[in-house]
Every structure is written in C-alpha cells, then in structure tokens.
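One structure below.
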Amino acid sequence: MAASRTTPSSSQRNSRTSLDLKVEALPGVGAESAKLLERLGIRTIGDLLWHLPTRYLDFSDIRPVRHLLADREQTTEAIVGTIGQRRTARGQMMTEVELLDPVDLRPSGVKATWFGRQFIKERFREGQLIRLSGKATWFGRSLQLSNPKVEPADAERVHTGRMVPVYKLTEGLKEGHLRRWLHTAVEGAPKRSPVVSEVTDELPPAIRERRELLPLPEALKEVHFPSTEARLIEGRRRLAFDELLVLQLGLAQRRARWQRDAKAPKLVAADAQLQDWIAALPFTLTAGQRAAFDEIRADIGRTIPMSRLLEGDVGSGKTVVAALAARIAVASGAQAALMAPTELLAEQHFRTLTMLFANGGPSVRLLTSSASAPDRREILARLGSGDLDVVVGTHALVVEGVEFKKLGLAVVDEQHRFGVRQRTTLREKGVDPHLLLTTATPIPRTLTQTIYRDLDLSILKELPAGRQHIRTEVRPPEALPKVWPWLRDHVANGEQAFIVTPRIDPADGDDEAPSAIETFGELSDGPLKGLRIALLHGRMAARERDATMRAFAARELDVLVATTVVEVGIDVPNATVMVVLGAERFGLAQLHQLRGRVGRGDKRSFAVLVSDDAGDSARLQAMVELKDGTPLDGFALAQRDLEIRGAGEFLGDEQSGVDELRIVDLKDVDPRLARETAEDADAILGRDPTLERPEHASLAVAVEALWRRYALA
Ligand code: ADP
Ligand code: MG
C-alpha cells in the first residue's frame with residue numbers, strides 16, 4: 001500500500017524482488033549517485049519508485065520550429081547549427097546553438113541558449129536532429145529557447161516532448177539523471193523489463209474493481225511518466241486511494257480501541273465556580289466560545305478520553321476556551337499541558353495563561369529549550385510530583401521530555417499538520433489524557449466526517465465583536481512600483497510589514513514564481529533600501545528563524561520577507577501590511593490565514609495580493625468579495641476554493657517534504673475519494689474488525705506501518 005511503504009520489505013514479505021535491491025543495481029546508478037540518493041531516504045530500487053514527482057512540466061504541445069509561440073511550454077525538433085560559447089558579463093559560461101529548420105535546413109530564426117551546461121557542447125554536434133522542450137521568449141526580434149531540455153530526436157521521450165516529471169532533488173543530484181533512472185525503473189532498459197512490474201498489488205481485487213482503480217504498477221508508471229493528463233489523474237487517484245484507505249482503517253480501529261479501553265480521569269467543576277472564572281475574564285465570551293466550551297466540558301466529564309478538534313478562524317479566541325478547560329482539569333486534581341508548534345507561540349500562550357490565571361488560578365510554567373538547566377529541573381520535578389498545575393511548551397519538549405503526576409488534559413495548539421502524530425505519541429505513553437486540538441485551518445465537512453473521523457468537532461464561527469477586517473486588494477505585478485512606496489509610508493508611521501512569497505530559492509524549479517531570497521535581495525537593495533528588512537524561510541535553522549521572528553515582534557525590524565513559515569497565531573499587533581507575491585499559487589484559505597497575520601492590533605491593516613492573474617482570477621476575487629458587508633471567512637473561502645478548482649485536484653501544491661502522507665494533500669482532498677475510502681474501510685472493519693482474515697493481511701501490515709511512520713517520523 002502506498003501509505004505503508006516504510007521499507008519495501010514490509011510489503012514484499014514472500015519473496016525477494018528487484019525492489020529490495022540497492023539502487024546501484026539499476027543501470028546508470030553508481031556509488032556516488034547512491035550516496036546522493038541516500039540523502040533523500042532512497043536506498044533500494046523500491047524506495048526510488050516511491051520517490052514521486054512533485055510536479056510536471058507539460059511539454060506535450062509539439063510544434064514545428066518556425067511556429068513556436070512565445071511564453072509557453074512546448075516542444076520542437078530542429079537541426080543543430082553553429083554551436084557557440086562565450087562568457088556573459090557576469091562571467092557565466094553560455095552555450096548558444098543556432099537551430100535549423102529540418103524541412104529546408106535553413107536557419108529557423110530561433111536560438112537555444114544554456115547557462116553553465118558544459119555538456120551540451122560535448123553531447124551534441126552540428127547537423128544532428130534534436131528535440132527541445134521549454135519556453136521561448138522574444139529576444140529583440142528573434143525567439144530564444146532559454147535552458148530548454150534537450151535530447152536526440154530519435155531517443156525515447158524522457159526529458160522532452162511529453163509530460164515530464166519534476167522530482168525533489170538534493171545538492172549535487174542532477175534532475176536529468178534522476179529522471180532517467182526513474183524512466184528506467186518504470187519503462188525498463190534494453191533487455192530489461194521494468195522493475196515497476198514487480199510491485200505487488202495488495203488492494204483486495206473486489207475493491208479495485210468496484211472503484212475502477214488502476215493496478216498499482218500501472219498507476220506508478222502513469223504517475224512518473226504520464227501518457228496523458230487524464231491517465232496521470234487516474235494514477236494519482238489510485239495511489240491516493242490506497243493511502244486514504246489505510247488511514248481510514250487505522251483511525252477507525254484506533255477510535256474503537258480508545259473508546260473501549262477508556263481510562264481518562266473525569267474532570268468536573270461546579271457551575272458556580274465556572275461562572276466566577278468566566279466573569280473574571282477581561283471580555284465577554286462569544287456565543288460560539290460558550291457553545292464550544294460546553295461541548296468540551298461535557299466530554300472531559302467522562303472517562304472516555306476526549307478527542308476533539310476546536311476549529312476557528314484566526315483571532316476567534318480559541319486559547320481562552322482551552323484555558324477554561326485547563327482550569328477544570330486543575331480543579332479536579334489533574335494537570336494540563338498546552339503545546340504549541342514553536343517556542344515563540346509557546347511564549348505567547350504562556351503570557352496569555354499567566355494573565356488569565358492571575359489571582360489564585362492554577363500555577364503555570366513555560367518549558368522551552370532556552371530554559372536554564374535548574375529551571376528545567378525544577379519544572380520537571382514539580383510536574384512529576386503534581387505540584388505544578390499547567391505547563392506550556394513546544395510539542396517536542398512536552399511530549400518527549402516530561403513525566404506528569406496526572407495529566408488530565410493535553411491541548412495541542414494550531415494543529416494544522418493533521419496531528420495524528422501528537423495524538424498517537426501522547427496516548428502511547430500510557431496516559432490517556434483528554435485531548436483538545438486547535439486549528440485555524442478550515443477543514444471541509446466531508447473531511448471531518450472521513451479523514452478526521454476519530455475526532456469530534458467544535459467550530460467557532462464568529463469573531464469577537466469589534467474586530468476589524470483586513471482591507472484586501474488584488475493587484476498585478478505592474479502595480480508594485482506603487483506598492484513599495486506605500487509600504488514605506490506605513491513603515492515611516494512606525495508600522496511593520498510582511499512580504500510573503502510562494503517559494504524560498506530561485507533555484508527551486510525553473511518556473512517564475514517569486515522567491516523569498518530573490519525578493520529580499522531586490523528589495524533591500526532597491527525599493528526598500530534603508531529599511532530594517534530581514535529574510536525568513538523554512539530552510540533557515542530553527543534557532544535563526546526564531547531569532548528573526550522575535551526581532552520582528554520586538555519591532556527591531558520593519559519588514560519581513562518570508563515564505564509561509566510566518567507563524568499561524570502569532571501576535572504582532574504593530575504589523576499592518578501583508579503583501580503576498582505570486583498569490584495565485586496559494587489556496588484561498590491559506591491566503592486568508594496569511595492576511596490574518598496582520599490586523600491583530602487596533603491599527604487599520606491591509607493585504608495586497610499580487611498576481612499575474614490579478615485581472616481575471618475568480619479565485620483571487622473571492623478574497624475581496626463582501627457578503628452582507630463582511631469579507632468571506634476561512635470556511636467560506638475553503639469551500640469556494642474547492643468549487644472553483646474542482647475535486648480531484650491533487651497537483652500543484654508544493655509538497656514540503658515533511659508531509660505525513662505521500663500523495664494526498666490533507667488540506668485539499670477529493671471529497672469523493674474520502675467518502676469512498678470511508679465506506680470501504682467501514683465495510684472491511686464491519687466484517688473483520690481486527691483485520692485478521694488472510695485477505696486483509698496486507699492491509700493490516702499497511703496500517704501497522706502507517707502508525708510506525710507517524711510515531712517514528
Ligand atoms: P486564535 O483563535 O487565533 O488562537 P486567540 O485565542 O489568540 O485567537 O485570541 C485572539 C485575541 O482575541 C486574543 O488577544 C484574545 O485575548 C482575544 N479574545 C478572545 N476571546 C475574546 C472575546 N470573546 N472578546 C474579545 N476578545 C477576545
Ligand atoms: Mg491561537
């Protein structure tokens with residue numbers, strides 16, 4: 001099963017196959033390459049097959065060289081004319097090839113150029129017929145293909161002339177090599193059958209037939225080297241099906257087990273006491289907060305451990321609801337833990353709880369990696385003896401490092417990463433605390449009924465009264481020369497700004513998405529020169545990232561150029577401007593969360609969404625749409641996104657590489673697929689709750705491997 005493939009041997013139990021062999025066994029892979037692949041976690045040929053493309057270049061549009069169009073991906077055949085090489089002003093080696101029209105052998109007027117690819121000159125010779133794929137652009141009066149992919153016209157289509165897969169790489173690994181090896185694995189080599197045919201299909205055949213799914217080897221082949229876009233979607237659907245089915249089985253089994261072997265403490269408090277606590281809050285609870293709190297209170301008053309997801313838009317006030325639940329826990333003689341994804345958020349929560357618990361409330365301490373050794377020892381000792389009521393820290397610290405006397409409630413904040421791992425690790429420690437997860441990521445209803453089926457759900461629909469809306473505009477890149485001075489004006493007013501880009505490095509992939517590194521360089525040397533500006537992205541060390549974010553929060557910086565690592569839930573009341581570049585690359589719910597990073601104080605705040613599609617994107621227009629005078633909230637936007645982009649949209653979202661699932665993007669699952677796998681999982685467990693029948697043996701192995709991966713990854 002796709003989701004289970006921690007090691008190929010787990011699913012290839014019976015006989016050893018080529019899939020178990022080291023990658024070096026594949027033609028073309030040497031010892032050096034194997035070392036590079038190992039950095040991507042690829043050791044065997046089987047591992048290699050499961051290194052799936054992150055996206056595709058569509059080079060299937062084939063045109064005669066004289067009919068190439070500007071600014072689109074396409075493929076052409078041409079004859080190599082003069083090959084020239086020179087150094088550019090920046091000192092880079094440039095190879096330039098004149099392309100002749102194969103029909104009349106005359107210059108076509110189109111040139112191909114490459115930077116730094118020495119091999120072009122060595123591999124191709126004048127007069128040779130080649131196939132090139134890439135984007136053509138006007139250079140003066142002639143078209144030029146810049147850094148096109150190229151191969152001899154009589155060679156198999158691997159890099160050109162088709163939908164071409166793009167893989168995650170590591171330093172030193174060449175994209176062309178990796179693509180070639182995967183091509184060999186799925187299409188075979190001279191006198192060798194493709195290893196992909198040795199992949200065994202473990203889905204019960206009845207299900208595969210009823211759901212009209214491709215056989216697994218075929219699905220893998222289509223996903224690596226699609227014959228058409230339709231087949232690609234079929235292939236991905238098959239892999240996604242496997243992954244979701246296993247997840248559904250695992251979650252359903254786990255829920256049944258927890259409900260059966262319940263041993264959580266009953267956490268209760270008297271009504272009068274609760275009234276006092278609520279009256280002492282610095283504000284009135286919204287109706288939504290009350291309702292959510294009532295649900296949580298009912299849950300934690302039972303011995304069946306609560307598994308509840310508290311979902312609410314950015315700023316809807318989830319923390320105070322969690323804090324009240326923690327108070328009940330403490331009043332019942334138990335302890336509570338609040339875990340945040342980062343130290344900075346943990347600190348913020350610590351301040352909030354300290355404020356809410358003032359005047360005789362529970363004792364609370366902050367546990368972060370920067371705590372001094374004596375402090376840390378003291379906190380751990382007091383948690384162990386039961387003397388300390390509440391601890392706030394990061395997931396990792398609390399889950400791994402702490403023994404509680406009696407943990408009654410665990411709150412996992414901003415669990416946008418699905419949270420399966422946290423749910424699992426905590427419960428595997430042998431304690432069964434009530435568990436409250438919070439998230440600002442809106443999750444479509446279809447998913448809460450399927451993938452999140454082991455969680456109950458509370459939703460905060462409204463924002464506290466008086467909260468301002470972020471004034472949002474969609475603009476084309478041509479408007480930027482006006483945006484930057486406007487941003488400077490806000491900074492001159494003592495305010496701060498975020499600039500968010502869809503990717504980190506210009507070298508990641510060869511399309512035109514704005515990158516944080518490039519944007520930072522251009523702005524700090526140009527339009528934003530003189531401002532205190534810093535860079536923040538996921539490839540920086542956590543410590544450095546934290547320090548930058550901290551400096552920004554402390555107003556030691558004016559502008560932060562960042563990827564989406566800008567944390568959910570972080571409060572920088574002084575930040576009023578959010579500029580998102582390449583806005584069309586983000587989901588609407590994500591854009592909404594991004595703009596939620598501003599407008600957290602009382603100053604008027606703005607979001608500018610910059611996109612090439614500014615004029616005609618219905619999707620982006622949803623960000624400025626008003627309904628009854630109010631912008632759409634995260635839920636409405638997520639729904640809108642699903643409607644506009646359509647279900648079955650698996651591609652396009654940049655996989656970060658730390659995702660817990662390989663195929664399925666949990667933020668964006670096809671509802672039909674979720675429903676089908678839920679039905680099938682229920683049917684299977686209805687007949688065989690423990691998956692002990694022989695025909696379910698491989699599914700049982702897959703479920704086990706899935707949990708292992710969550711626990712160990
Ligand atoms: P989130 O749901 O994004 O985690 P927080 O819990 O951080 O939201 O709350 C956002 C802000 O709103 C905090 O400053 C909090 O004190 C405040 N807040 C929470 N509930 C209310 C309320 N009912 N009325 C007014 N302000 C509130
Ligand atoms: Mg929060």
Side-chain angles (χ1 to χ4, degrees), residues 274-275 277-296 308-327 336-358 361 364 366 390 392-395 410-417 419 422 436-443 457-470 549 553 565-575 578 589-590 592-603 605 631 633-635 637-638:
L274 270 175
Q275 289 312 333
W277 295 339
I278 292 175
L281 293 174
F283 42 70
T284 323
L285 291 181
T286 64
Q289 284 172 317
R290 286 232 53 141
F293 177 60
D294 286 345
E295 288 171 331
I296 292 167
R308 186 171 285 279
L309 181 64
L310 175 60
E311 206 182 312
D313 215 344
V314 174
S316 59
K318 298 182 285 290
T319 316
V320 64
V321 175
L324 285 171
R327 266 198 113 146
L338 200 165
M339 288 161 272
T342 66
E343 302 226 329
L344 201 62
L345 273 175
E347 286 167 23
Q348 187 175 305
H349 287 316
F350 174 68
R351 283 193 300 272
T352 306
L353 292 193
T354 308
M355 188 264 287
L356 293 174
F357 293 163
V364 52
L366 175 69
V390 179
V392 181
T394 55
H395 299 147
V411 180
V412 182
D413 184 49
E414 293 303 351
Q415 202 43 81
H416 44 149
R417 282 227 160 273
Q422 278 78 21
L436 180 65
L437 312 174
T438 75
T439 181
T441 305
I443 301 158
L457 191 65
S458 296
I459 300 181
L460 298 181
K461 280 257 174 199
E462 64 202 305
L463 292 183
R467 200 53 65 70
Q468 60 156 320
H469 294 297
I470 316 299
M549 199 59 220
V565 292
V566 182
E567 293 154 37
V568 182
I570 202 74
D571 252 327
V572 185
N574 196 50
M578 163 68 60
Q590 205 179 4
H592 180 67
Q593 283 196 16
L594 281 172
R595 79 176 157 192
R597 312 294 199 279
V598 297
R600 299 184 77 93
D602 46 17
K603 294 195 189 112
S605 300
D633 65 14
F635 296 89
L637 288 169

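Whatever order the structure lists them in is the order used to number ligands and atoms, beginning at 1. Just the heavy atoms: all of them, side chains too, but no hydrogens, waters or symmetry mates, feed the values below. The structure presented is a predicted model; accordingly, all values stated were derived computationally and were not measured.
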Note to self: Evaluate K318 for polar contact with ligand 1, using N/O atom pairs at a separation under 3.5 Å.
What the structure shows: yes
Only one of L338, L356, V392 passes side-chain contact (heavy atoms from CB on, under 4.5 Å) with V364, and that residue is V392
Logged contact type for D413 with ligand 1, heavy-atom cut-off 4.0 Å, is neither
Can G312 be said to touch ligand 1, with heavy atoms closer than 4.0 Å? no
Output yes when the distance from some N or O of ligand 1 to some N or O of G317 is under 3.5 Å, and no in every other case. yes
field: Side chains of L460 and E311 in contact at under 4.5 Å (non-hydrogen atoms)
entry: no
For T319, the atoms of ligand 1 under 4.0 Å from one of its heavy atoms are 4 (O), 5 (P), 6 (O), 7 (O)
So CD of Q590 and CG of L637: to nearest 0.5 Å the spacing works out to 12.5 Å
Here the atoms of ligand 1 under 4.0 Å from any heavy atom belonging to T286 are 23 (N)
Sorted by chain and residue number, the salt bridge (Lys or Arg N to Asp or Glu O under 4.0 Å) partners of E347 (sequence neighbours excluded) come out as R550
message: The test is side chain to side chain contact (heavy atoms under 4.5 Å, CB included); show your working for I296 and R308 and say whether it passes.
response: CA-CA 8 Å; I296 292 167; R308 186 171 285 279; 3.7 Å; yes
Atoms of ligand 1 under 4.0 Å from any heavy atom of T284, numbered from 1 in the order shown, are 22 (C), 23 (N), 24 (N)
side-chain contact (heavy atoms from CB on, under 4.5 Å) filter on A340, not counting sequence neighbours, yields L345, A346, H349
